[in-house]
Amino acid sequence: VVVPKSYAESDSRIDELNLLEELEKNCSPKETSSINLYGISYLLEDSLKSCIKTYCETNCLEKGKGRTWSNIWHDYRRYDYLPFNVWRILPQEVKETFTKCKIGNKRNSDFKIQAKLSVTRELIELLGLYTAEGTNLDGRTNRVVWSFGSHEENLIRYAQGLIKSVFGYCAHVHYAHETARTIQIDSLLISLLFTRIFQTGPSSKKKRIPGIVFNVNPYLRTRYLIA
């Protein structure tokens, strides 16, 4: 094994991720078809109606349902949400105004995260813990799971605290068998973050160090290794 005496530091550090841009760049429209943006009604100006009409016609949302694109437009404004795939087709200058919105699953609107994700110690430690103990069941149940021994109560609480801090998600302990416990995040959005954006790999044989780890300061890289 050949190891360099010094690490070649990146010229640019990543302090924040724009999840809208990352999802657009790394995920297909099919993968994000169940992702919505929330808290956006004040951004839906009449000038965007043509984009909504195009989206509805392209995806055949009016066909056989007795709804018009105009009805759908008013629903977006009334219920304060917008499908991520609509955001994809908006003019670039309009897309940039959505950075303060929240992102969530279509069928789990109670759980949302900010469109901009800070690269914190807690996030890097959670990625480190995933590398050690995690599995991503993407494409099956869209569930990110951390597995522990039943005796690792402190580590389990530590992981729960990281998940709460990073995503605002309350991960409960699940009984796997007599000597094992798991905690999990049931979310298509979080599954996509780990699979497509962080690119952590789904299981032990396919795991990799997330690229983001190489673009943070030395202290955070150390926290990744410690976790």
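Keep in mind the model is a prediction, meaning the values are calculated, not measured.
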Report the C-alpha distance between Leu123 and Leu220 in whole Å, list the side-chain angles of each, state the deciding distance to 0.1 Å, and finish with yes or no for side-chain contact (heavy atoms from CB on, under 4.5 Å). CA-CA 9 Å; Leu123 172 60; Leu220 291 182; over 6 Å; no
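- Between the side chain of Thr97 and the backbone N or O of Val94, at least one donor-acceptor pair lies under 3.5 Å.
- Between the side chains of Ser191 and Arg196, no donor-acceptor pair is found at a separation under 3.5 Å.
- Stacking of Lys102 on the aromatic ring of Tyr38 is not recorded, the 6.0 Å distance cut-off and the 45° axial limit not both being met.
- Looking at residues two or more places apart in sequence or on another chain, you find a ring pair (Phe, Tyr, Trp, His ring centres under 6.0 Å) between Tyr81 and Tyr76.
- Separation of atoms OG (Ser147) and CD (Gln184) is listed at 9.5 Å; rounding is to 0.5 Å.
- Counting heavy atoms from C-beta outward, Asn142 and Asp186 have side chains that stay 4.5 Å or more apart.
- The heavy-atom pair separating Thr135 from Leu137 by the smallest distance is CG2-CD2, 3.9 Å.
- Between Val216 and Tyr224, every side-chain heavy-atom pair lies at or beyond the 4.5 Å cut-off.
- Side-chain atoms of Cys51 and Pro91, non-hydrogen and from C-beta on, do get closer than 4.5 Å to each other.
- Heavy atoms only, all atoms of each residue included: Cys27 and Thr32 are closest at CB-CG2, 3.7 Å.
- Among all heavy-atom pairs drawn from Cys56 and Ile72, the shortest one is SG-CD1, 3.6 Å.
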N/O donor to acceptor pairs below 3.5 angstrom from side-chain atoms of residues 40-49, sequence neighbours left out:
| from | atom 1 | to | atom 2 | distance (Å) |
| --- | --- | --- | --- | --- |
| Ser41 | OG | Asp80 | OD1 | 3.2 |

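- Residues Asn85 and Ser33 form a side-chain contact, since some pair of their non-hydrogen atoms from C-beta on lies under 4.5 Å apart.
- A donor-acceptor pair under 3.5 Å is absent between the side-chain atoms of Asn215 and the main chain of Arg13, judged by distance alone.
- Side-chain atoms of Asn105 come within 3.5 Å of backbone atoms of Leu189 as a donor-acceptor pair (strictly under, hydrogens ignored).
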Solution key, residues 170-178 side-chain donor-acceptor pairs under 3.5 Å, sequence neighbours excluded:
| from | atom 1 | to | atom 2 | distance (Å) |
| --- | --- | --- | --- | --- |
| Tyr175 | OH | Glu178 | N | 3.1 |
| His177 | ND1 | Thr179 | N | 3.3 |
| His177 | ND1 | Thr179 | OG1 | 3.3 |

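- Under the rule for a side-chain contact (heavy atoms from CB on, under 4.5 Å), the partners of Gln199 that lie at least two apart in sequence or sit in another chain are Asn26, Arg208.
- Cation-pi geometry between Lys53 and Trp73 is not met at under 6.0 angstrom from the ring centre and within 45 degrees of the axis.
- Residues satisfying the salt bridge (Lys or Arg N to Asp or Glu O under 4.0 Å) test with Arg121, not counting sequence neighbours, are Glu125.
- When atom types are taken as modelled, the side chain of Ser28 and the backbone of Glu31 share a donor-acceptor pair closer than 3.5 angstrom.
- Rounding to the nearest 0.5 Å gives a distance of 7.5 Å between NE2 of His74 and CZ of Arg77.
- Taking the side chain as every heavy atom from C-beta outward, Leu127 and Phe194 approach each other to under 4.5 Å.
- Side-chain contact between Phe84 and Asn36 is absent, with no heavy atoms from C-beta onward closer than 4.5 Å.
- Note that OG of Ser187 is 10.5 Å distant from CD1 of Ile103, once rounded to the nearest 0.5 Å.
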Would Phe111 and Ile190 count as a side-chain contact (heavy atoms from CB on, under 4.5 Å) here? Give the steps. CA-CA 10 Å; Phe111 172 59; Ile190 302 303; 3.7 Å; yes
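- For the pair Lys207 (side chain) and Tyr130 (backbone), a donor-acceptor distance under 3.5 Å is present.
- Not counting sequence neighbours, the partners of Glu21 by the side-chain contact (heavy atoms from CB on, under 4.5 Å) test are Asn18.
- Note that OG1 of Thr99 is 10.0 Å distant from CD of Gln114, once rounded to the nearest 0.5 Å.
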Verdict with supporting geometry, Val119 and Ile212, side-chain contact (heavy atoms from CB on, under 4.5 Å): CA-CA 9 Å; Val119 179; Ile212 192 175; 3.7 Å; yes
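- With hydrogens and angles ignored, the 3.5 Å screen pairs a side-chain donor or acceptor of Thr54 with a backbone N or O of Ser50.
- In this structure, Leu129 and Thr131 have side chains that are not in contact, with every pair of non-hydrogen atoms separated by 4.5 Å or more.
- When the side chains of ILVMFWY residues are joined at heavy-atom separations under 4.5 Å, either directly or via intervening members, Ile226 and Ile163 end up in two distinct hydrophobic clusters.
- With values rounded to the nearest 0.5 angstrom, Leu20 atom CG is found 5.0 Å from Cys101 atom SG.
- Proximity of a side-chain donor or acceptor of Trp87 to a complementary backbone N or O of Lys95 within less than 3.5 Å is detected.
- If you take OH on Tyr169 and CD1 on Ile183, they are separated by 10.5 Å, rounding to the nearest 0.5 Å.
- Counting heavy atoms from C-beta outward, Leu155 and Tyr158 have side chains that approach closer than 4.5 Å.
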Worked verdict on Ile52 versus Leu82 for side-chain contact (heavy atoms from CB on, under 4.5 Å): CA-CA 10 Å; Ile52 304 301; Leu82 189 74; 4.0 Å; yes
